[in-house]
Each structure stands twice: as structure tokens, then as C-alpha cells.
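Here is the structure we will look at.
Proteins come first, then strands; the chains are lettered A, B, ... in the order of their sequence lines, and each starts at number 1. What you are looking at is a predicted structure, and each value in this text was computed from that prediction instead of being measured.
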Amino acid sequence: MGKNLFQKVWDAHTVRVLPNGQTQLFIGMHLIHEVTSPQAFAMLRELNIKVAFPQRTFATVDHIIPTEGDARKRPLADPMAEEMFQAIERNTKENGITFFNPETERQGVVHIVGPEQGVTQPGTTIACGDSHTATHGAFGAIAFGIGTSQVRDVLATQTMSIAPFKVRKVEITGKLNEGVYAKDVILYIISKLGVNGGIGYAYEFCGDVIKNMSMEGRMTVCNMAIEGGARVGYINPDETTYAYLKGKPYAPKDWDKAVAYWNSMKSDADAVYDDVVTFKGEDIEPMVTWGITPEQAIGISQSIPAVTNEVMAEALEYTGFAAGDKMDGKKVDVVFIGSCTNGRIEDFREAAKYAKGRKVAAGVRALAVPGSYNVKKQAEAEGLDKIFIEAGFEWREPGCSMCLAMNPDKLVGRQISASTSNRNFKGRQGSSTGRTLLVSPVMAVAAAVTGTITDARKVFGIGC
Amino acid sequence: MSLGPIKQVVGRAVPVPGDDIDTDRIIPARFLKCVVFDELGGQLFYDVRFDSEGKSIGHPIDKPQFVGASIIISGDNFGCGSSREHAPQAIKRAGFNAVIAGSYAEIFFGNCTTLGIVCVVAGKAVRDELMKEVEANPAAEMVIDVDGCKVKFNGKEYAVEIKPNARKAFIEGSYDSLAELLNGLPQVKELEKTLKYSFV
Ligand code: SF4
């Protein structure tokens, strides 16, 4: 009986079974950022314990950092943000941890920086005090978010106490229609399996649609596994994965040996799964959310369904939309392109393709926030920044920005935003009454230039 | 923070009457943006301890006879509300090692146990009597016998409940997974050598 990648990676990293019945699991690569790590370092200091494997932890600063050039000058205007920044500087320095900081121009959203530095590799276990850590699963890693006490455990021992997951194979067969992107695929899956459907599971995404997807697209899919309740989402590594990794700063030096290891960790053809679900790529159209959870998403041609539960009622009360409404035609005030879901170079290339020569509609504020310095530099080298600026977008410095609005980028009042991020929770974008509609980057551009949620394929003549 | 076994808790107690004392009351949300949990001790119960000018309004834990107490006696459903780890951290850092209450919110209970805060369950009659005795003898020391599930105060013994799993973890000193993980460090180092990847 064959094994799937999850089981192989889990076994290779199991130190022992603990007296509490859980696994003492080795974490091959640990990522930290400024919000959830300082308390963990403080606990270690109190216990007088050293970081066990400092070369297996990498740090960046993303959540609180302003994304406007001048506002990034130190000290930051918000004293608390400055203190968090200083804490991660001190903690990484004192412990010999690599810090991808703004000065080295390697800073960015933690889930974008790991892959582009090449520290995100197949066959590894990856943890980070951040729920979107599953992003790294796109490379065939077992990656998951952890709490602050566990960040402390990983720093102190490079291990943590955790119980194994069940594995659900999520297959997307066939081909995507033109104008349909990775973001639509994952929103579609979550709308079908629900926000709690994945609790206790790791999702193995596979099928022709995944096979033909770029690494950027695969990361978008895995990024939102957690929004479907699955703490882990992963994709078996293949030539696309290896081509992406080759030449990255931390890519393995003995390449052939590494590839042999990676290939050996792929799910076997006769691997067993706890569950299997299959979707058809052809059934997916551009998606948009209408409520307050990522599950509340519909295709652009569809209408908001009739209310069948309390969360739906609560969602409509909050958003002010009604069952039966189409999202097509809803006015937007703000457009945000960025985040660890859709803040990669491919996202900006695709968005720029359609923003080119068009203008952001009057009254709409549009932000394009690259996910990292690398993304920004690459985009600028390709002239994408000029396209966005000419179209009326603000072109920003890298960071989480309006994904969760811990920095100065926030919605105001009941503003509606078309956002390429991953959470449409109440108040997520910085205003307790603000509304977030999750979409793909191309749908976001369509919203920016028309001022409404609308089918990007019609606006831009895609596929006709 | 100690990682050793906890067989008993000895210290002076303070009554903090009331049911449903939630985590917002324990540590108001605005204190969550922080880089260390260190400051949280001083912010424990902040909004029911201080007025808008930061002057004490006579909360029990600030009364001179109870300053320095390390055991809180309270009501039912202690620690309900958000799951923030900041709440038990605030209690711990304000110098408290145990709580005696009617019941606890589940997540809060788990967070407390990890930090080595002993959450004792006692019925209303026992709590009422303990509160009265403590008010009358604020300088006397209370002993919580973790293994024996007893509270001793002022020459009297009270039977109380401590959840079996938590009790076992306290007695063995395994309430915080870190201690156990650290025990495995030699094996961890061995496993690290077998991994087929590194970043140096
Ligand atoms: S971009 Fe958003 S979801 Fe991603 S790490 Fe930052 S805040 Fe979290």
C-alpha cells in the first residue's frame, strides 16, 4: 500500500511519540514575523533557553510596516509598530537568525518571501505563527500555522507537539476556462466544501488543473486552504516546482540529490486517502464573495442564494445585500491588489495586462501593493508600476497592507472593497463596518475601471 | 515561569467575587498590541481597577491587606470570552499561581494549565466560606494540595476538584509541552542529521 506525501514527510520528521499521545514533530523550516514572535522570544529569555537551530528560522517584517515610501522611515510614526519592528531586529540579531529586512531588500509578506528566497522546499515541514502558512504547501511541503506558545517551542527545540491530520485528496480535473484563475478555483472549492469542511484534514490538491498551474497559482490555492478549515494544503512537486526553485538564493547546491529526494517524497500512485473529492475545472467561473466568510462566494453569473442558516442572515445584515441579488453591478469604493494570496509577480503581470491604457473609475481608490521587494523590483523592471500609476492606481511598497489593516491602510466607514486578499471577515480591512469582496486580480482590475463588480471577461473581451 | 512539578500552591488568597468574569475584563483588548507579555501583570483587571486617570478604585487585589496574594477566589464561568493567551498571562504575571472558581471556560482553562496556573473547582458553599474566612484572616496562608484535591486554610480542610488530566500534568510537571519537548532534544539532534536538507 502506497503512502501519500503527507505521510512520508510526517514520518521523516517524527522524533517520537510523546507521553500525551501526540507526535514530537521536527520543523525543518520556521518562519517568523513581528506580530506573533516577540512574546515567544520573551518567554525563552525568561526561561534562559537558547534557540536550538537558529539556521532553520527565517524572519521578516510585514504586518505592521507602512507601505508608503516616506512612512517607512524609522522610527515609524506608530510607536507600537516601531517597538514591534525593533523587537524582531533585536531578537534575530541576538539569536543569529537571518532577517529578511527592508535594508537587504528581501523584505515582504512572509509567505511570499519564503518561496522566493528558496527556503520553501519540497519534502520539508514548515511552521510559522501565521494561519496562511499552508501557502508553502504549494511546493510539496507540509506547512501550517502555529500559536505563540508553539513558536516558543519551535525556537527552543525545533519541534512541537502535534497530532497528525487526515488527508483529503481534492482533485480538479479538466481545464479552466479563459479568464478563470487560481483564486477562482480555491474560492469555488471553499464554497463547495465549506469553511469548516477541512477541519482535521490536510488537503492534497491535484488533477490536470493543478498540474497545469504556475507556482504562483498553486500558492494562491494552498494559501486559502485554511479558509476552508484545512490547516495544511499541499501539491506534489513536479518540474514546475523545480524550475521555480532553481537559482533561488537558498536553493540546494547539490541539485540532483535534492531532486531525487523531492521525487521520492511525492504521493505514490497507490497512496491511500481518508477522503477524495473531485471537481471539474470547466464548471468554475470568476468568483466573488457576498458575505462575511470565504465560503459565501458565488460565480459572477449567479445570484446570492436564499438564506438557509444564521451565518447567512448575519452576513446579509452586515453587507446590506439581499438574497437573489447578483454581485454583478455592485458598486465598489476601494480596490486592493496584493497580500500573500495574490501579491506575486504573475498577479501583477496579469492585472497590468488589463489595466494598461484604462483608467480607474472616478471615486474609486485603487491600491496595488507588491507582496515583496523582489516582486516590486521585478514589476518595476517590466514597467508594470507605470501601467498601474497611469491607470490611476497607487503603487506601494511591500507589506500586508490592506489585507488586515494593522498598518495605516484602512477602509473607512461602510466602504466596499474588491480585494484580492483571503478574508472577508467583519471589519477585516480596518473599518468595523467596512465590506470586503474577495476576487481574483483580474476581477479586481475590472472593478477598478468600471467602479463595480462585473465579469472581467466581458469588460476585457477575454475568451471571445 | 517554572517547568517543575506543582504538587501544591501556597500563598495568601484574595476574593474577587462575581460570575462570568470574561477575558475582556481580565485583560482589556487594547492591551493586546504588545511585544512581550511582561507588562500584562499591571494591566490585569485594568478597567475595573483604575479610573480614567489611572487611580485605583479599590479593586480587591489592590486592597492593602490583599496585595501580594497569589490565589484568586471567584465565581462561575471564570475566563469566558475570547481565547487570547494574554488573559492567563496577565494573571500569571500579576503573581497569581492558582484560581479557585465554580467553573472555567474551556480554552481559558487549557491556556492556564499550560502556564502552570492551577484552576481549582469548588462549589458555591465552599467558595463562600473560603471568601469569608479570607476576608477575616487576610494574612493567613492558604495551601492547595494538588494531589489530594484539598484546600487548607485557617486550620480547616475543604474538598475541591482539580481535573484529573490537569492534576496529572501538574504533579508530573508535564503541563507545559516545552519541558517534554526539551527532554527529547538528544533525539531531535539525531533526527536532524538524517534530514536530507539544510539551509547552510
Ligand atoms: S497578507 Fe494578509 S493573510 Fe497574508 S500574512 Fe499578511 S495579513 Fe496575513
Side-chain angles (χ1 to χ4, degrees), chain A residues 12-16 18-20 22 24 26 28-29 34-35 37-39 41-43 45-47 49 52-53 55-56 58 64 78 80-81 83-84 86-88 91 98 118-119 121-124 147-150 152-154 156-161 250 252 257-258 260-262 264-265 406, chain B residues 1-4 27 29-41 83-90 92-93 107 110-116 165-166 168-169 171-200:
Chain A
H13 293 80
T14 294
V15 176
R16 61 186 178 132
L18 293 165
N20 66 9
Q22 295 195 327
Q24 180 164 11
F26 192 92
M29 202 272 283
E34 75 280 17
V35 179
S37 70
Q39 304 88 348
F41 281 104
M43 291 185 220
R45 226 168 272 137
E46 229 173 296
L47 294 167
I49 293 176
F53 296 90
Q55 72 284 6
R56 288 187 182 272
F58 296 87
I64 53 97
D78 174 353
M80 207 50 241
E83 197 179 335
M84 291 166 123
Q86 287 180 14
I88 197 153
N91 290 330
T98 304
V119 290
Q121 294 175 14
T124 60
T148 294
S149 291
Q150 293 168 319
R152 173 204 63 179
D153 291 356
V154 175
T157 67
Q158 204 61 35
T159 66
M160 58 184 285
S161 172
Y250 284 84
K257 205 175 118 205
Y261 170 62
W262 298 341
S264 76
M265 299 308 272
M406 249 181 110
Chain B
M1 205 187 296
S2 129
L3 291 171
I27 183 79
R30 64 179 181 283
F31 296 123
L32 302 188
K33 214 175 177 187
C34 59
V35 291
V36 285
F37 291 135
D38 297 8
E39 311 268 297
L40 295 176
S83 67
R84 62 186 67 142
E85 191 173 308
H86 298 68
Q89 287 282 359
K92 183 89 194 165
R93 280 155 205 277
I107 298 173
N111 284 341
C112 280
T113 305
T114 305
L115 297 181
N165 277 346
K168 183 166 172 268
I171 293 164
E172 290 175 350
S174 63
Y175 47 91
D176 184 332
S177 55
L178 181 55
E180 192 55 47
L181 294 173
L182 284 167
N183 283 341
L185 258 186
Q187 284 150 279
V188 171
K189 290 189 175 135
E190 284 309 306
L191 184 124
E192 206 244 358
K193 289 185 205 144
T194 70
L195 289 182
K196 302 226 165 41
Y197 61 96
S198 73
F199 303 100
V200 283

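Contact check on B/D38 versus A/R45 returns no salt bridge, with no Lys/Arg side-chain nitrogen under 4.0 Å from an Asp/Glu carboxylate oxygen. Ion pair B/E180/A/R16 flagged as a salt bridge, since at least one NZ, NE, NH1 or NH2 atom sits closer than 4.0 Å to an Asp/Glu carboxylate oxygen.
Of all heavy-atom pairs between A/A87 and B/V35, the closest is CB-CG1, 4.0 Å.
When the candidates A/E34, A/Q158, A/M29 are compared by the number of heavy-atom contacts under 4.5 Å with chain B, A/M29 comes out ahead. The candidate with the highest count of non-hydrogen atom pairs below 4.5 Å against chain B, out of A/M160, A/R56, A/K257, is A/R56.
The CG atom of B/L178 sits 6.5 Å away from the CG atom of A/L47 when rounded to the nearest 0.5 Å. Between atom CD of residue A/Q150 and atom OG of residue B/S177 there is a gap of 7.0 Å, rounded to the nearest 0.5 Å. With values rounded to the nearest 0.5 angstrom, B/N183 atom CG is found 11.0 Å from A/T157 atom OG1. Within the model, atoms CZ of B/F199 and OG1 of A/T98 stand 10.5 Å from one another, a figure rounded to the nearest 0.5 Å.
Interface residue A/F53: only side-chain heavy atoms are found under 4.5 Å from chain B. Using a 4.5 Å cut-off between heavy atoms, A/A258 does not touch chain B at all. Only the side chain of A/Q121 comes within contact range of chain B, with heavy atoms under 4.5 Å apart.
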